[in-house]
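Here is the structure we will look at.
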Amino acid sequence: EAALSRRYVLCEVVSEDPRCRQCIEERAVGLAVREAIGRLHGDYGLACCSISLSVKYLNAYTGTVLLRCRKDFYRLLCSALPFVRQLEARNQRYPCALRTLHIGGTIRTCQKFLIQYNRRQLLTMLQNCTNEEERLCIQKSLLSCSLTEDQSHSGDEADDDGME
């Protein structure tokens, strides 16, 4: 059963180039992460992490990435993420970084964290508004942040062992 335990690492793509987020693809993120693991931990580390490493979710609009790996090796993965320095898409290289936001035992715990994180970000934006139109737009976004129960349940979520 220990081999089935997984960790989900929620990251954010940080880049000064606005085109970076629009062009990122799951394949490019996966390759960049594997390359960083290989540089940092060598073939052994890469083999350990690659067993079940996958990009489970990518939102190019928000720059949110959810990575899945085996619980035994999530520390190897997390230690390599700061060494991702660029993503390649459509034969273009975009300088960027992956910032770890949360590590969870299920996709659901990561979803819940992301909702709270986005609410905090929106509240910060709300406090920095310069006019009423901006304020109303952000308030509307805040009110639309929710996690509904009717979302499809994935088998990946059944392995929660209390890490949140």
Side-chain angles (χ1 to χ4, degrees), residues 3-122 124-125 128 134 137-138 140-141 144-145 147 151-157 159 163:
L4 296 175
S5 290
R6 302 220 169 89
R7 285 292 169 260
Y8 296 88
V9 182
L10 184 65
C11 304
E12 180 178 41
V13 176
V14 181
S15 178
E16 291 180 16
D17 187 343
R19 295 172 301 170
C20 177
R21 281 188 177 173
Q22 296 165 2
C23 296
I24 56 176
E25 301 163 345
E26 286 184 18
R27 191 180 143 280
V29 173
L31 284 172
V33 169
R34 282 181 174 81
E35 187 180 286
I37 293 168
R39 280 196 322 266
L40 199 61
H41 299 294
D43 291 341
Y44 175 76
L46 184 57
C48 289
C49 288
S50 291
I51 292 169
S52 74
L53 178 65
S54 66
V55 178
K56 291 301 286 181
Y57 173 77
L58 169 68
N59 184 326
Y61 182 72
T62 61
T64 305
V65 177
L66 185 66
L67 302 168
R68 182 192 73 192
C69 68
R70 284 185 41 191
K71 179 182 176 184
D72 300 347
F73 305 116
Y74 83 93
R75 286 181 185 91
L76 284 176
L77 169 63
C78 290
S79 67
L81 292 177
F83 294 90
V84 172
R85 291 282 167 235
Q86 65 183 13
L87 290 174
E88 193 169 327
R90 302 176 193 144
N91 296 322
Q92 285 282 119
R93 287 191 173 145
Y94 298 97
C96 68
L98 289 179
R99 179 172 51 204
T100 302
L101 300 176
H102 181 74
I103 300 165
T106 65
I107 292 174
R108 186 152 183 87
T109 59
C110 292
Q111 283 177 322
K112 287 179 180 179
F113 172 84
L114 189 57
I115 288 168
Q116 293 304 314
Y117 176 78
N118 286 334
R119 277 192 179 138
R120 286 192 303 270
Q121 297 293 94
L122 285 168
T124 302
M125 288 172 65
N128 297 328
E134 271 183 23
C137 188
I138 292 171
K140 185 178 175 186
S141 295
S144 70
C145 287
L147 187 61
Q151 291 178 341
S152 64
H153 288 70
S154 163
D156 291 327
E157 297 176 26
D159 57 11
M163 180 177 179

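Quantities reported herein were computed from a predicted structural model and do not represent experimental measurements. Side chains are part of it too, since the values below use all heavy atoms of this structure and drop only hydrogens, waters and symmetry mates. We count residues from 1, following the sequence as given.
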Atom [atom1] of [X] and atom [atom2] of [Y]: how far apart are they, to the nearest 0.5 Å?
| X | Y | atom1 | atom2 | answer |
| --- | --- | --- | --- | --- |
| Lys56 | Arg6 | NZ | CZ | 7.5 Å |
| Arg75 | Ile103 | CZ | CD1 | 8.5 Å |
| Arg7 | Arg68 | CZ | CZ | 13.0 Å |
| Cys11 | Leu67 | SG | CG | 5.0 Å |

side-chain contact (heavy atoms from CB on, under 4.5 Å) between Gln116 and Arg120, intermediate numbers included: CA-CA 6 Å; Gln116 293 304 314; Arg120 286 192 303 270; 3.8 Å; yes
May I ask you to check whether over 12 heavy atoms, not counting those of Arg39, lie within 6.0 Å of atom CZ? yes
Near Asp43 CG, under 6.0 Å, is it more than 12 heavy atoms from other residues, nucleotides or ligands? no
Val14/Leu98 under side-chain contact (heavy atoms from CB on, under 4.5 Å): CA gap, chis, key distance, verdict: CA-CA 6 Å; Val14 181; Leu98 289 179; over 6 Å; no
Under the criterion side-chain contact (heavy atoms from CB on, under 4.5 Å), I'd like the reasoning laid out for His41 against Ser79: C-alpha separation, chi angles, the key distance, then a yes or no. CA-CA 9 Å; His41 299 294; Ser79 67; 2.7 Å; yes
Heavy-atom pair of closest approach, residues [X] and [Y]:
| X | Y | answer |
| --- | --- | --- |
| Leu46 | Arg34 | CD1-O, 3.3 Å |
| Cys48 | Leu76 | CB-CD1, 4.2 Å |
| Cys110 | Leu10 | O-CD2, 3.8 Å |
| Ser15 | Cys96 | CB-CB, 3.8 Å |
| Cys69 | Leu77 | SG-CD2, 3.6 Å |
| Arg93 | Pro95 | O-CD, 3.8 Å |

With Val65 as reference, evaluate Leu58, Val9, Leu101, Val33 under the side-chain contact (heavy atoms from CB on, under 4.5 Å) test and give the passing residue. Leu58
Does a side-chain heavy-atom distance below 4.5 Å link His102 with Tyr117? no
Check whether any side-chain N or O of Arg85 sits under 3.5 Å from a backbone N or O of Pro82 as a donor-acceptor pair, and report yes or no. yes
Check against side-chain contact (heavy atoms from CB on, under 4.5 Å), Asn118 and Thr62: CA-CA 10 Å; Asn118 286 334; Thr62 61; over 6 Å; no
